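All values derive from a computational prediction rather than experimental measurement.
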Amino acid sequence: MSNKLMQAYQLLHEGILALSKAEEVGFRVDLDYINTTVDKLDNDLIQLEKSFKETKFYKHWCHSFGRQVNMNSDTQLRYFLYHVKRLKPPKLTENGEGSTDEYSLKALNIPELNQLVKIRKLKKIKDYLERFKREAVDGIIHPIFNLHLVKTYRSSSSNPNLQNVPSKDAFASDICRKALYPRKGHMLMEMDFKSIEVSIGVCYHKDPEMIKYLKNPKSDMHADVSKEIFLLDKFDKSISSHSILRKATKNGFVFPQFYGDYYKNCTKILCEWIKLPQSKWQRGEGMELDTKSFTIADHLISKGINSYFLFEKHIEKIERNFWENRFSVYREWKERNWNLYLKRGYIEFYTGFRCNGPMSFNDVNNYPIQGTSFHCLLWVFIQMDKIITENHLDTRLIGQIHDSIILDVRPEEKDYIKKVLRELSCERLPSHWDWIIVPLDVEIQEFPIDGSWSVKNS
DNA sequence: TGTTCATGG
DNA sequence: TATCCATGAACA
């Protein structure tokens with residue numbers, strides 16, 4: 001075995017040993033809380049379903065399906081909306097069917113569909129709690145972490161999956177995370193790498209423009225692109241609509257572009273973020289820009305972009321500028337990396353891992369960045385495990401979510417743990433791997449002693 | 001078993 | 001080459 005493959009093997013070997021120890025420790029769950037909360041959710045659901053079933057909308061639906069009617073069937077809902085009622089689907093699924101996802105149901109603007117969305121959300125929350133309960137042994141869940149299942153050499157988690165517990169939706173996040181606790185007398189701590197995929201991407205393509213963004217804390221890539229997309233003269237993060245536009249730019253243009261999306265789809269996602277459907281491009285539509293009910297559509301129209309078609313053209317221009325001027329070195333790397341794959345039939349990561357077999361242009365350029373970013377996290381996880389063992393600490397590693405580490409910390413060890421995590425991530429890691437050419441940064445979050453994993457009120 | 005939806009990075 | 005990687009539930 002080559003030296004590089006040997007190093008890759010070594011990382012997985014040490015990694016899975018450290019992860020298996022975390023699995024053994026696990027996460028304490030509050031079963032009383034889960035039971036009472038599931039009961040509450042059940043009651044709420046019964047009420048919501050009852051009121052939904054009393055609507056004309058549902059009675060009409062019943063009419064189409066008779067005894068077989070099932071309000072949980074998306075197939076029935078799809079048929080009812082797009083065939084019986086002959087509505088135009090706001091969005092299609094991958095296979096060209098009318099979509100019934102949250103965005104589509106909201107866009108159809110039928111009150112009963114909002115009830116359905118609410119029901120779906122509560123069911124989802126209940127589902128997480130029930131999975132925690134099902135997997136608990138003596139009041140502790142032991143999420144599994146795999147290193148052998150993901151084709152990019154990332155990890156995955158199951159039984160239960162600790163890597164997709166709600167966090168973006170504050171309501172769902174709070175309910176689900178209030179079920180999870182550290183060992184008695186201990187506190188949870190979470191360390192995140194800040195935008196690790198951007199940093200590791202730079203280590204591969206070495207685009208000078210992106211290096212500038214990473215090295216200058218005052219610069220803001222998403223704000224700069226946001227100004228272009230939404231034709232803003234100045235950008236002010238403290239204005240709430242600007243911060244939504246920045247988020248839309250980040251999640252609807254910049255990251256999708258990095259991963260290989262193209263302008264037509266980006267236009268669609270951007271419009272989802274600013275709540276401006278293709279069919280409603282007129283004054284007074286879309287998200288509000290200020291309190292005088294001046295909307296994003298008003299703004300764009302005032303700048304001459306008075307249709308979806310023109311907005312798409314505008315985004316096409318921005319895309320061209322994005323790759324031809326702003327990040328041209330990144331684009332050239334993508335081409336070189338693709339050609340290297342065509343020549344050799346495989347791609348190799350800095351960490352020694354190889355991906356073989358048929359891959360698309362996007363795959364070839366994304367896998368190394370995704371995999372290598374996780375390997376940075378895994379390396380820190382392994383070293384932290386060694387330090388805990390060597391120093392006979394009481395703190396335990398209990399999980400990992402791709403770019404973050406979760407620990408169950410003894411309060412007296414808190415400051416030492418934080419110091420070591422920072423040293424490992426920001427100093428020892430970049431000196432261990434010399435291909436790391438930009439500074440790495442982490443964020444460490446502390447939870448109260450005996451507090452839950454909920455950010456709000458633990 | 002494949003599709004769709006929802007959750008995370 | 002037209003958004004990358006997952007898990008899991010419900011349905012058909």
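- By the ring pair (Phe, Tyr, Trp, His ring centres under 6.0 Å) test, A:Tyr263 pairs with no residue at all, sequence neighbours left out.
- The stretch residues 152-166 of chain A comes close to DNA chain B through A:Arg154, A:Gln163, A:Asn164, A:Val165, A:Pro166, each having a heavy atom under 4.0 Å from the strand.
- No option in A:Trp433, A:Tyr153, A:Tyr204 other than A:Tyr204 meets the ring-ring contact (aromatic ring centres under 6.0 Å, His included) test with A:Tyr350.
- Of the residues in residues 70-93 of chain A, A:Asn70, A:Asn72, A:Ser73, A:Thr75 come within less than 4.0 Å of DNA chain C through at least one heavy atom, sorted by number.
- If you walk DNA chain C from 5' to 3' and mark each nucleotide with an atom closer than 4.0 Å to a heavy atom of chain A, the marks span C:dT1 to C:dA12.
- Not counting sequence neighbours, the partners of A:Asp363 by the side-chain contact (heavy atoms from CB on, under 4.5 Å) test are A:Met359, A:Ser360, A:Tyr367.
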Would you give me the side-chain donor-acceptor pairs under 3.5 Å for residues 63-74 of chain A, sequence neighbours excluded?
unit_1, atom_1, unit_2, atom_2, d
A:Ser64, OG, A:His60, O, 3.4
A:Asn70, OD1, A:Asn72, N, 2.8
A:Asn72, OD1, A:Lys123, NZ, 2.7
A:Ser73, OG, A:Thr75, N, 3.3
A:Ser73, OG, A:Gln76, N, 3.0
A:Asp74, OD1, A:Arg120, NH2, 3.1

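- For DNA chain C, no neighbouring residue in residues 334-358 of chain A is found when judged by any heavy atom under 4.0 Å.
- If A:Leu149 and A:Glu197 are placed on DNA chain C by their nearest nucleotide, the residue sitting closer to the 5' end is A:Glu197.
- Residues from residues 363-385 of chain A with heavy atoms under 4.0 angstrom of DNA chain C, sorted by number: A:Asp363, A:Asn366, A:Tyr367, A:Gln370.
- Residues passing the side-chain contact (heavy atoms from CB on, under 4.5 Å) test with A:Thr37, sequence neighbours excluded: A:Tyr33, A:Leu41, A:Leu129, A:Ile175.
- Listed by residue number, the members of residues 130-147 of chain A with any heavy atom below 4.0 angstrom from DNA chain C are A:Arg131, A:Arg134.
- Among residues two or more places apart in sequence or in another chain, the salt bridge (Lys or Arg N to Asp or Glu O under 4.0 Å) test is passed with A:Lys280 by none.
- You can see that DNA chain B meets the heavy atoms of chain A within a 4.0 Å-exclusive cut from B:dT3 to B:dG9, reading 5' to 3'.
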